[in-house]
Amino acid sequence: MSPRRSDAGGRIDRLRTIRFIFDGAPYTGHAGDTLASALLANGVSLFGRSFKYHRPRGVLSAGVEEPNALVTVLRGEVREPNIAATMIEIYDGLTAVSQNRFPSLSWDVGAVNQLGGKVLSAGFYYKTFMGPVFGPLKGTRFWMFCEHFIRRAAGLGRAGTAPDTARYERMNAFCDVLVVGSGPAGLIAAKAATDQGARVILAELEPHFGGSANWSGEVIDDMPAADWAARTAGQLEGHDNVRLLPRTTVWGYYDGNTLAALERVTDHKETPGKGEPRHRYWTIRAKTVVLATGSFERPLVFPGNDRPGVMLAHAAERYANEYGVLPGDRIALFTNNDSAYRAALALKKAGAAIVAVVDVRPELSSEMRELAGEAEAEILSGHAVVATEGGKALSGFKVQRFDMESGALSGDARSIHADCLLMSGGWSPTIHLASQAGARAEWNEALQAFLPPKPTQKWIGAGAFNGHFKTLEAILDGRNAGLSAVGATGTPMAYPSIESLPGDPRPAPVFEIKAAGKSFVDFQHDVTAEDVRLAHREGFISVEHLKRYTTLGMATDQGKNSNIPGLAIMAEALGKPIPEVGTTRFRPPYSAVSIGSLAAERFGDIKPERLTPMHDWHIANGATMYAAGLWYRPMIYGLSGETIEQAYVREAKATRESAGIVDVSTLGKIAMQGPDAAEFLDRVYTNMFSTLAVGKARYGLMLREDGLAFDDGTTWRLGEQDFLMTTTTANAGKVMQHLEYYLDVIWPELKVHVTSVTDEWAGAAIGGPKARAILAACVTGTAVDNATLPFMGIVRGKIAGVPVMICRLSFSGEMAFEVYCGAGYGTHVWEALVEAGKPFGLVTYGLEALGTMRIEKGHVTGAEIDGRTTARDLHLDWMLSRKKPFIGSAMMDREGLIAPDRLELVGLIALDNRPLNGGAHVVEVLDEANPHDSIGHITACCYSPALGKHIALALIKGGKARHGSRAFVSDPLRNRFGPIEIVSNHFYDPDGSRMHG
Amino acid sequence: MAEYSAFSLLKNALTGNKDWKPAWRKPDPKASYDVIVIGGGGHGLSTAYYLAKEHGITNVAVLEKGWLGSGNVGRNTTAVRSNYLLPANTRFYEHSMKLWENLSHDLNYNVMFSQRGCLNLAHTPAQFDDLARRGNAMRHLGVDAELMTTADIARLVPALDVSGSARFPVIGGLMQRRAGTARHDAVAWGYARGADRRGVDIVENCEVTGFLRDGDRITGVTTTRGEIRAKKVALAVAGSTGRVMQLAGIDHMPIESHVLQAFVSESLKPIIDTILTFGMGHFYISQSDKGGLVYGGDLDGYNSYAQRGSLPIVDEVMSEMLALFPGLARVRMLRSWGGVCDMSMDGSPIITTGPLPGMYLNCGWCYGGFKATPASGWCFAWTIAKDEPHEFNAPFTLDRFYRGLVIDDKGQGATPRMH
Amino acid sequence: MVERQSPLEPVLHAGSHGNFEHGVDIILSETQPGSIVQLAAWPGEEKKLISVIRTVTGLALPDGAGGGSTDGARSVFGFAPGKFTVVDEAEGLVSAFAGAVTPAIGTVTDLSHGRTAIRIAGPKAEWVLAKFFAIDFALPAFPVGAGRSTVHHDVFAQIQRTGADQFDIYMFRSFARSFWKALCHASEEVGYEVQ
Amino acid sequence: MLITCPYCGPRDVIEFSYQGDGNRARPQPASQNLDAWNAYVYDRLNPAGDHNEIWQHSGGCRAHLRVVRNTLTHEISSTTFARGDHKSAARHKAEGKS
């Protein structure tokens, strides 16, 4: 048994020894220990180093609010920095290291910062490092030079770069009542609601239910409070309408009573079970929330209050009662309220010597005097601690007479020898979630604390959260909350019998002892009382300015320890009451949340993959795939040793010479059905569709309401009231929403249904001089000759026994056809076409060849319809019907949209026969050193096998007017400059004779 | 007031820091001023500063309804860059960049502007071409920009997943070296101190409740601290523009107010030395000098004046973060907050005279406001002083929407939440 | 007749997976119905459409939004105002409706290829589905036969409860493989069997 | 945030997409009044308080909804179909009440 471990008591399992490693040294603890309790039991007092001064720090608390004892947990290569030792349950093989120190925790060179003391006061960064106005270090250079070192000195733990192998999961939950916190109030609330048959979730951030009952040492219904809590939790487990969530922090209270919680499922396990997530991220939509989140004990602010060995009183009580650990042998207490006396007695019972109770209050109640007497502690009422002694561990402290009213110290300082000093500055209800929910806290003078605001969402408070610190009050609160949460009014219940020590919850309004030396308000960030007063002197008096100027409350404990003391010191400096200084509004998260848990199922799988019916065929046949949004499409079908350019040139060439086939299943397809479908199309397209004959298709252009180009595609009339609209792959979703909006909101009188059928159809575009012959060879049930299947005609037939729909339209500029069939038959039909094409030299081609041929034809895509171009800019004004209004028609002629200097679509030919680059700009006057006066840019480019030249499409000021003129490509980013000729965007077969055949 | 310097720090340290004076006075408002600037945020304060410094107009009051810098200047992710696509934006933000580069000296206040670069990642060839188009546009206006290969990027940001196996592999990026980050609060405080030293009255806790009119003309404001008259009344209240314009009887504007969330992780030793943006979603990240990872993503996507975030965006942002940095799954998000953005109809700001006589309007900053702070104030001061825009803000008129002269860097049209 | 190809083919591995040593709590399968048809009524014509559905399929639609029913071979549920999904093991349901649903009543859209049907059954079905969808799967909130339209990030889904602990999910074919993988991944924790 | 779709019931905001100010009136298709068109496309009511908005339940039934939502508290006071009341919606509301 280790020196500091009592041989009985607590909920640890002394029969189970657990081995772990801290800073390389092996230690043992017991099942049920936290890293903090186990290290304390081993006599460790030094846990970490502070942020700014690198001061040695011990453990301050026993819970989630711990600001000092932060460590990095190692799981192989994976690092988890900045975890409070008080929240880590030890397991065999646990490996943790301390942080922010070099070379070691006990010898840290960063500690020299302490010498800088007063210079490194709040806001000092803002006042210096501006550097010289002239010379090599002018501008930002000097600061950046200094910053380099400042950054390396700052920061806490080190994050790893090894990918985390753990899994994270999301869980959506719905319930009638969510109870947050499982102290006596929460337990009873959950029980009351559960007994009423409501769906209940009980969340507790610690591993065990019961909260303060686990360490209060009280007796409830004639059994130790801890047993009572265990029994009550056990009773809940029996019901199937309640879900118990231990190790679960409810960290966010969002709109609509939606709460976010983090369940640490396997952090306490040596190895997680198969498929078990490390963290589970609960999104809980609760009809009502019961907030039973308890309260935090506040530190007192006095010189040396950060020395290892100085601890919160209740924390020591917890270590003794819950873990059987004594934080010291000779313990003293320093308090402004009664709660510390119970701690004194508990520690005495656990075997420590209580050397003194220093109380700022001149008068003490007889009960407190009795308790102190029972603890055999000297009472120093009307006294205060003015200094602590020792190096990296407390050896003693000094006290002086203290006048509570004036704050004045008097008499000689007396030294007291102790290895542990406990402080209690009163209690602050944990109102974070209520504040997140949207309302402002209210100051309670008697309790010297902010109490929960009026509910702005559906929550009910209970217990210490309400400032009701007595267990009996908490239990009554909890029951009422649980019942009213489900709208029930239960029969009056018999008061539980509770044996607890006396104590007045009202603290004396003392937060700071002013004496020589650094008195810490925010321990982790090393914000001292002097820093707060400096902020006041410099006018940073609003609580937000205080926070931002001194970084008070911005450490990992988010001000759980420092908020109220900081406010109090500012209030005193201003001579105002605390509420007039204000409180900062709490925002999510209540405590830090692993980013992995928030990414949840998307960690390692950020977006689903969208696959065409022929996907596997493409892979099996050597396609290199290209991610187009969520889709995967073949980029090229490369032969061994081919470069991308060689591959697409081969594919495009072969297509123009014989035939090629490409998967176009990704095109957006929308079934548009109903008596008003044609009328609707006339309104959404710039050109006329009501005149389209059944069995024919037409190319259409859509504008946005503001008159700019939106999307294009062909729409097929399959029946009088039945159209199939195709959109670009990228805009399929946008167009669908666009159509739905107009049908639902603008023209509800139109009888049209739109349905996404993108995935219903597999599509293959087959084009080239031999395309018709290939179809003729495999299509049955219809002819495909010019008479039966003219340009933009549609026929139905079969390929390899599968019904297909064939439309003769061309993107490549060749005689081409789009063949559609049920997606489930996609590969079957594709293979049949490829087979039929073999004798004709058919090639499969990908996006690169598709792009090449469309550039040669001068067709536009998303690179040109980029949300800033008009139909005119793209020379599509021939599609703007003057016979009817359509979306965008009223606004497309506004001055800015017809200005002469707009960017217009043109073609470019590289006169130096070198490759062009997408995104290169075009200039009239070449200036490689200082490029300027761009007249436009390249939107797409390729080597054109048809022309044997490097060509591009571009958007150029003046556009058409420049056809035939010369300019220069200017691409300083890639140092590519050279002469070009500006030509029409229709490079290839401008009169379309090839596709019309 | 005393200059700030290493020397003054030492001197005060010796006297126990007892002699530091307030960074700015806390005057009561006078009955009238030459210019009232409504809004004690970055833009309002810089406007006052440049009115005094560049135009000698010092009889100026800045009215702030709450505490100084309580708006977006204290709620952003501190990125400063001028890597825009369209010339009007690039020219304006480059002017801002130049002011940033000397701001700490100019203000005698270290705003910690750290030019650690801003890198936009590309994940497809098409995106790479778009970045090239933008980078070249910048270069043709004399702004620094360079393309980076995946190898360069891997060297610059070792923690980044550049493996080809990523769902959206990094294939390159566009870097602006002169971009960087600054200490956001310090910018507000530095401008406040600078303006105050030149005689500007900075009046906190003074909410404007209405406008004084003489016919159409704005002649002053009513506030929670009384009536204040002024020859010129300038609005710099981005985030609250809708509310304040309503007080002037104008309830329709080409603006929607949206919440943008930002996040900070716990302090870490340096791991990301630049500003980085994701190409397949909306995500940006940098690391503060204190070691916190500072990052954000998309707007919540609906009108709001509440500085409250919504959960789906939190999840979205974190998953994008881990798509780039799978090693950071165990790092923890420490704080989140929401800022209210003026989202304009083309994603670009408005800095103009009017719309009412005697009124001057500065709004529509979307989420580009912080980096714009110096140039916004500089151009607005010019516009107020000379009653005409400077060439840098001439394109940012209120009537450009009607005239079809939008400046739409993202090409999204009149859908504010998409900009 | 030509075999329809399933998008799940390469990833559908029959057998037990994940943490199944203590038995499987999830059974996953692809139902591969012959017909999936979408019927949509014009405003005011819903009742007529519902009676057409009854005559063609023999299935009576309970009143109320998202109401539905199933007889094992055929299933129907409402997924939007005036819109219904009808599923049949056999092919040819479209032609059956084509005549019955007159233009005056509404429209018929064949989605037999465009949607993939995944069945998740077992005591942990609600638990696993709750990992993906932000809707309440508890029986009182989601009765047998009822249908829901919802989404998991980019993946739209129509879900019908076809048993106390059985759900049929209809989703876009192109997303099915990706979602199936995610579904298996999420089921590992409780152990699952693929049939 | 939860939005109660008249058809699907209360759903998380993640299922919805915002379509903006619901007070805008689109001019008649043939209208030549450019100012009216400009106002429709570019001008927004942007109140601090109750706001009449259009949302689409894009991750559900895909119906467009008219939502009155407070922009200061995000509280929603009413939700109806944008295309006017619908039988099945009426039924859902009835169920909601009972």
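Each chain gets a letter, A, B and so on, in the order its sequence line appears, and its residues count up from 1. The figures that follow rest on heavy atoms only: side chains count, while hydrogens, waters and symmetry mates do not.
Residue contact with chain A, scored on non-hydrogen atoms closer than 4.5 Å, involves the backbone of B/I272 exclusively. Interface remark: B/M321 contributes side-chain atoms only to the contact with chain A (heavy atom separation under 4.5 Å). Within the 4.5 angstrom heavy-atom criterion, atoms from both the backbone and the side chain of B/D273 approach chain A. Neither the backbone nor the side chain of B/F263 comes within contact range of chain A; no heavy atom of the residue lies under 4.5 Å from a heavy atom of that chain. Within the 4.5 angstrom heavy-atom criterion, only side-chain atoms of A/S542, from C-beta onward, approach chain B. In this structure, no portion of A/I898 lies under 4.5 Å from any heavy atom of chain B. Residue B/D130 does not touch chain A at all, counting heavy-atom pairs closer than 4.5 Å. The parts of A/L973 that come within reach of chain B are both its backbone and its side chain, each placing non-hydrogen atoms under 4.5 angstrom from that chain. For a residue to count as touching a neighbouring chain, one of its non-hydrogen atoms must lie under 4.5 Å from one of that chain's; by this rule B/A166 does not touch chain A. In this structure, chain A has a heavy atom under 4.5 Å from the backbone of B/S310, while its side chain stays farther away. With a threshold of 4.5 angstrom between heavy atoms, B/K410 approaches chain A through N, CA, C or O but not through any side-chain atom. Contacts between B/N205 and chain A at a heavy-atom distance below 4.5 Å are absent for every atom of the residue. For B/L103, no part sits under 4.5 Å from any heavy atom of chain A, backbone or side chain. For A/Q558, the part lying under 4.5 angstrom from a heavy atom of chain B is the side chain only. No part of B/F325 comes within reach of chain A, as not one of its non-hydrogen atoms sits under 4.5 angstrom from that chain. Contacts between B/K290 and chain A at a heavy-atom distance below 4.5 Å involve backbone atoms as well as side-chain atoms. Both the backbone and the side chain of B/E320 come within contact range of chain A, each with at least one heavy atom under 4.5 Å from a heavy atom of that chain. For chain B, the nearby parts of A/R537 are the backbone and the side chain; heavy atoms of each come within less than 4.5 Å. With a 4.5 angstrom heavy-atom cutoff, A/A899 does not touch chain B via any of its atoms. Within the 4.5 angstrom heavy-atom criterion, atoms from both the backbone and the side chain of B/R116 approach chain A.
In this structure, B/M280 and A/K607 have side chains that are not in contact, with every pair of non-hydrogen atoms separated by 4.5 Å or more. A/N100 is listed as a side-chain neighbour of B/K269, based on a closest heavy-atom distance under 4.5 Å. Residues B/S104 and A/W143 fail the side-chain proximity criterion, which asks for heavy atoms closer than 4.5 Å. Looking at A/R548 and B/W67, their side chains come closer than 4.5 Å, going by heavy atoms from C-beta outward. Put simply, the side chain of A/Y125 does not reach to within 4.5 Å of the side chain of B/D289, judged on heavy atoms. A 4.5 Å side-chain heavy-atom check between A/H937 and B/R134 finds every atom pair outside the cut-off. Between B/R332 and A/L262 the shortest side-chain heavy-atom distance does not fall below 4.5 Å. Proximity of B/M112 to A/Y126: side-chain heavy atoms (C-beta onward) are separated by under 4.5 Å at one or more points.
In terms of heavy-atom pairs under 4.5 angstrom with chain A, the leader among B/N110, B/L293, B/V111 is B/N110. Per-residue heavy-atom pair counts under 4.5 Å with chain A were compared for B/A186, B/G291, B/P270, and the maximum is reached by B/P270. Contact tally against chain A (heavy-atom pairs below 4.5 Å) for B/H105, B/E101, B/Q115: the top residue is B/H105. Taking B/A414, B/G74, B/P158, B/A159 one by one and counting their heavy-atom pairs under 4.5 Å with chain A, the maximum is reached by B/G74. Ranked by heavy-atom pairs under 4.5 Å with chain A, the first of B/L141, B/N102, B/T124, B/L68 is B/L68. Note on B/F401, B/Y402, B/W100, B/F7: by heavy-atom pairs under 4.5 Å with chain A, the leading option is B/Y402.
Residues meeting the side-chain contact (heavy atoms from CB on, under 4.5 Å) test with B/A137, sequence neighbours left out: A/H921. Every side chain to side chain donor-acceptor pair (under 3.5 Å) that B/D409 has, sequence neighbours left out, goes to B/N89.
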**Request:** Given side chain to side chain contact (heavy atoms under 4.5 Å, CB included), test B/E204 with A/H545 step by step and report yes or no.
**Result:** CA-CA 12 Å; B/E204 290 177 84; A/H545 281 157; 3.5 Å; yes
**Chi angles and distances behind the side chain to side chain contact (heavy atoms under 4.5 Å, CB included) call for A/D706, B/M345** = CA-CA 11 Å; A/D706 63 5; B/M345 293 297 140; over 6 Å; no
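Classification of A/E530 and B/K18 as a salt-bridged pair holds, one side-chain N sitting under 4.0 Å from a carboxylate O. Looking at A/D164 and B/R330, a side-chain N of the basic residue comes within less than 4.0 Å of a carboxylate O on the acidic one, giving a salt bridge. A salt bridge links B/E316 with A/R602: the closest approach of a Lys/Arg side-chain nitrogen to an acidic carboxylate oxygen falls below 4.0 angstrom.
Scanning all heavy atoms of the two residues, the minimum distance from A/A159 to B/I271 falls at CB-CD1, 4.0 Å. Contact between B/D408 and A/R868 at its shortest, heavy atoms only, is O-NE, 2.8 Å. Taking every heavy atom of both residues into account, B/L268 and A/P81 meet most closely at CD2-CG, 3.6 Å. Listed here is the closest heavy atom pair of A/F51 and B/S267: CE1-OG, 3.4 Å. Heavy atoms only, all atoms of each residue included: B/N17 and A/S121 are closest at ND2-CB, 3.5 Å. Pairing each heavy atom of A/I595 with each of B/L328, the nearest pair is CB-O, 4.1 Å.
Put simply, CG on B/L405 and CD on A/E895 are 5.0 Å apart, with the number rounded to the nearest 0.5 Å. Between the CZ atom in A/F129 and the CG atom in B/L9 there is a gap of 8.5 Å [rounded to 0.5 Å]. In this structure, the separation between CG on A/N82 and CD on B/E266 is 4.5 Å, given to the nearest 0.5 Å. Going from atom CZ of B/R403 over to atom CG of A/L897 covers 12.5 Å, rounded to the nearest 0.5 Å. The CH2 atom of B/W20 sits 6.5 Å away from the CD atom of A/E538 when rounded to the nearest 0.5 Å. Atom NE2 of B/H140 and atom CG of A/D971 lie 8.5 Å apart (nearest 0.5 Å).
Here the side chain of B/R308 pairs a donor or acceptor atom with the backbone of A/Q436 at under 3.5 angstrom. Side chain of A/R587 to backbone of B/Q307: a donor-acceptor contact under 3.5 angstrom is found.
A donor-acceptor contact closer than 3.5 angstrom links the side chains of A/Y281 and B/D315.
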